[in-house]
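In this text the structure is predicted, and so the values were computed from the model without any measurement. Protein chains get the first letters and strands the later ones, always in sequence-line order, with residue 1 at the start of each.
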Amino acid sequence: MASEKLTEYELKRLENIRRNDEMLAALKIQSKATELFAAAKRQRVEAKSYNVKSEKKPKTETPVVIRRSLRSRGMPPDSKGLSDDSVDTSKLKDESPTKFKASDKISCPITIAYDEAVSDRPLIEAIMGMSKRETHSRASNGEVFSGSKDGDFLNDKREAGSGVSFHTEKRREDNAWTSLQLQSLTLKAENVARVVPGRITSVRFFPSSNARMIVAGNKFGNVGFWNVDFAGDEGNGIYLYRPHKVPISGILVQEHCLSKIYTSCYDGFIRMMDAENQAFNMVFSSDDSIFSLSQPTNDVNSFYIGEGRGGLSIWDNRVGKCSSKLALHEDRINTIDFNSRNPHIIATGSSDATACTWDLRSINGDQLKVLSTFTHKRAVQSAYFSRSGCTLATTSTDDVIGIYTGANFEDASTIYHYNQTGRWLSSFRAIWGWDDSNIFIGNMKRGVDVVSPVERSRVMTLQSPLMTAIPCRFDAHPYEIGTLAGATSGGQVYMWTTAEDAS
DNA sequence: AATCATCTTACCGTT
DNA sequence: AACGGTCCAGATGATT
C-alpha cells in the first residue's frame with residue numbers, strides 16, 4: 001500500500017541521487033573553493049534598508065519579559081502577578097509611534113514604525129494586487145498556477161513560465177533538476193536588504209505564485225515587509241511596522257487570503273494585519289508567551305499555538321474559542337508542523353529535548369496520544385516534515401540534524417551539524433527545500449549548508465561575499481523553486497535565486 | 001522544584 | 001580596526 005509506494009519512491013530517488021554522485025562531488029570541490037575565497041575577504045556592503053530616522057533609533061529599551069501565566073507560576077488566578085503593563089513600563093518616550101498596550105484587545109492602527117514620511121500605500125496596493133491576481137488565476141485555471149500573461153505588476157524580471165507551480169512540479173518524481181538548481185543558486189546584490197532592525201526571529205514568503213514578498217519579524221516586535229519586485233519611484237519596497245513589543249515567534253499568511261497577515265509573539269498575542277482594513281487586529285491572547293504558530297493547510301480557521309511550557313492550544317477562529325488546550329511537552333514548543341500526506345499528524349519540536357509526532361484525532365481532555373518521540377540530548381529547535389510527508393527532520397542544539405523515515409518514522413539517522421549559535425543569534429532550524437532531497441540550514445561561517453538526508457551529509461555550502469552575516473532563519477518560496485530567503489541577526493534578508501535559464 | 005548566577009556567542013554603531 | 005553594548009537562549013552548576 002502506502003508504505004510500498006513509499007519505498008518505491010524512495011528507491012527511485014536513491015537511484016537518481018546515485019546518478020548525480022559525480023556532479024555532487026564536483027560541487028563539493030567547488031564549494032570548498034568558494035569557502036576559501038569568501039574567507040579571504042569580507043566586505044561591508046550597505047544595500048537596501050528600511051528607512052530610519054536617526055532620532056528614532058530603536059533603543060533596546062524594555063527588558064524582555066517572558067509572559068507566564070499565573071497557573072504556570074503556581075499562583076492563584078486572582079493574585080497580583082505580572083501585570084500586562086509591566087512589560088512596557090519604563091522609558092517609552094522614544095518609542096515608535098505604534099503604541100502597543102496589552103489592553104488593546106480589539107485593534108491598533110497600522111503605522112509605519114520609523115519613518116512616518118514614507119507612505120505604506122504602495123505596500124497595501126501590492127498586497128491587494130497580489131491577492132486579486134491570485135484569486136483570478138485560481139478561478140481561471142482551477143489550479144494554482146501563474147499564467148503571468150497579465151504580469152504588469154511584476155516588471156517581469158522573470159521569464160514567462162518561470163513561475164512554475166510547486167504543486168505541479170513536485171509530481172515529477174525525477175529530481176534531476178535538484179543538483180542543477182543547487183549549482184545555479186546565486187545571491188544577487190539587489191536581493192539583499194535590511195528589512196528590520198536587529199535580530200530576525202521569523203521569516204516568511206507570501207504564498208503567491210506571481211510575486212516575491214517577504215515578511216520578517218524581529219526581536220523587538222517589528223514586522224517588516226520586503227516587496228522584492230518593487231519597481232516604484234518612492235522608497236525601496238521595504239515597510240516596517242511594530243504590532244508587538246517583544247520577539248515575534250511566528251508569521252502566517254494564508255494562501256487564499258493574502259491580505260491577512262498573522263503574527264504571534266512572546267507577548268502572548270496573535271495579531272492580524274489586515275491590509276484591506278488597515279488595522280492590526282487582536283486575534284488571540286494568552287497569559288503565556290507564544291513560541292510557535294502553525295495551521296493545517298486545509299483549515300484556515302484553525303490556529304495551532306505553542307504557548308508556555310509545552311502547551312499547545314487549538315484556536316477556532318470562527319467561534320473565537322480554544323477548542324483544545326493540550327499539555328504536550330515539558331518545555332517550550334519551538335515548532336509545529338503538519339504532515340502533508342496526513343493532515344491529522346503533526347510534529348512538534350521542543351526545548352525539552354524531544355520532537356514528537358501526534359495524531360490529532362486522539363485528543364482526550366488535555367492529553368494527546370504521542371505517536372513517536374524522537375529524543376535529542378539538548379533542546380530541539382525544529383521538527384519539520386518533508387514535502388511529501390515521508391521524512392521528518394529535526395534540528396537540535398546537541399549539534400545534530402535528525403532524519404526519520406519509514407512508515408512510522410522509525411528509521412532514524414543523524415547528521416552532525418554545529419548548531420551553537422550562542423546568545424546573539426537565533427537558533428538554526430533546518431528547513432526542507434522543494435522536494436525531499438535537500439535540507440537547508442545556516443552555518444556559523446556565514447554560509448548555507450545544503451544537506452542531503454539520503455546521503456546523510458552536507459553536499460554543498462552556499463556562500464557569497466554579499467552574505468555579511470550569519471543566516472539563521474529560512475523560508476523556501478512555496479511556488480518558486482530555488483528561491484530561498486535567509487534571515488540574519490542584523491535584520492538582513494538574503495534572497496537566493498536560481499539563474500533563470502529559460503527551459 | 002524552582003530560582004539564581006554565570007558563561008557562551010556575533011552584529012552593529014561608535015570611536 | 002578596535003571596542004563596547006547588546007540582554008532572557010540555553011546549558012550548567014549552586015543555592016533555596
Starting at [atom1] of [X] and ending at [atom2] of [N], how long is that distance when rounded to a whole Å?
| X | N | atom1 | atom2 | result |
| --- | --- | --- | --- | --- |
| A:F428 | C:dG10 | CZ | C1' | 15 Å |
| A:R332 | C:dG10 | CZ | C1' | 9 Å |
| A:N218 | B:dC12 | CG | C1' | 14 Å |
| A:F220 | C:dG5 | CZ | C1' | 11 Å |
| A:R309 | B:dA2 | CZ | C1' | 9 Å |
| A:D288 | C:dC8 | CG | C1' | 16 Å |
| A:D331 | B:dT3 | CG | P | 13 Å |
| A:E330 | B:dA2 | CD | C1' | 14 Å |

Not counting sequence neighbours, which residues clear salt bridge (charged side-chain N to carboxylate O under 4.0 Å, His left out) with [X]? List them please.
| X | answer |
| --- | --- |
| A:D449 | A:R458 |
| A:K377 | none |
| A:D366 | none |

Task: Mutual orientation of the aromatic rings belonging to A:F205 and A:H477 [parallel < 30°, tilted 30-60°, perpendicular > 60°] - done: tilted

Report, one pair per line, the protein and nucleotides 7-10 of chain B atoms (nitrogen or oxygen only) whose separation is under 3.5 Å.
residue: B:dT8; atom: O4; partner: A:R423; partner atom: NH1; Å: 3.3
residue: B:dT9; atom: O2; partner: A:R423; partner atom: N; Å: 2.8
residue: B:dT9; atom: N3; partner: A:W424; partner atom: NE1; Å: 3.3
residue: B:dA10; atom: N1; partner: A:W424; partner atom: NE1; Å: 3.3

Open item on the list: Only Watson-Crick and G-U wobble pairs, only distances under 3.5 Å, only runs of 3 or more: what stems does that leave for DNA chain C?
Closed with: B:2-8 with C:9-15, B:10-15 with C:1-6

Set of residues satisfying side-chain contact (heavy atoms from CB on, under 4.5 Å) with respect to [X], sequence neighbours excluded:
| X | value |
| --- | --- |
| A:S413 | A:I403, A:R456 |
| A:R204 | A:I251, A:D475 |
| A:S208 | A:M130, A:E134, A:N210, A:A211, A:L258 |
| A:R423 | none |

TODO: Ignoring backbone atoms, test whether A:Q492 places a side-chain nitrogen or oxygen under 4.0 Å from the OP1 or OP2 oxygen of B:dC12.
DONE: yes

Open item on the list: Whether A:R199 contacts B:dC12 is assessed here as follows: a side-chain N or O lying under 4.0 Å from the phosphate OP1 or OP2. Is that the case?
Closed with: no

Open item on the list: Are the side chains of A:V215 and A:W226 in contact, using a 4.5 Å heavy-atom criterion?
Closed with: no

- [ ] Enter the distance from A:T201:OG1 to A:N222:CG here, rounded to the nearest 0.5 Å.
- [x] 10.0 Å

TODO: Could you give the distance separating B:dA5 and C:dT16 at their P atoms, to the nearest angstrom?
DONE: 11 Å

- [ ] Kindly write out the residues that satisfy side-chain hydrogen bond (donor to acceptor under 3.5 Å, both in side chains) with A:S264, not counting sequence neighbours, or none if the list is empty.
- [x] A:S249

Open item on the list: The criterion is side-chain hydrogen bond (donor to acceptor under 3.5 Å, both in side chains); which residues satisfy it with A:T263, sequence neighbours excluded?
Closed with: A:H244

Open item on the list: Checking one value: the base orientation of B:dA1, syn if chi is within 90 degrees of 0, otherwise anti.
Closed with: syn

Contact list (N/O, under 3.5 angstrom) for nucleotides 11-15 of chain C vs protein:
residue: C:dA11; atom: OP1; partner: A:A379; partner atom: N; Å: 2.7
residue: C:dA11; atom: OP1; partner: A:T397; partner atom: OG1; Å: 3.2

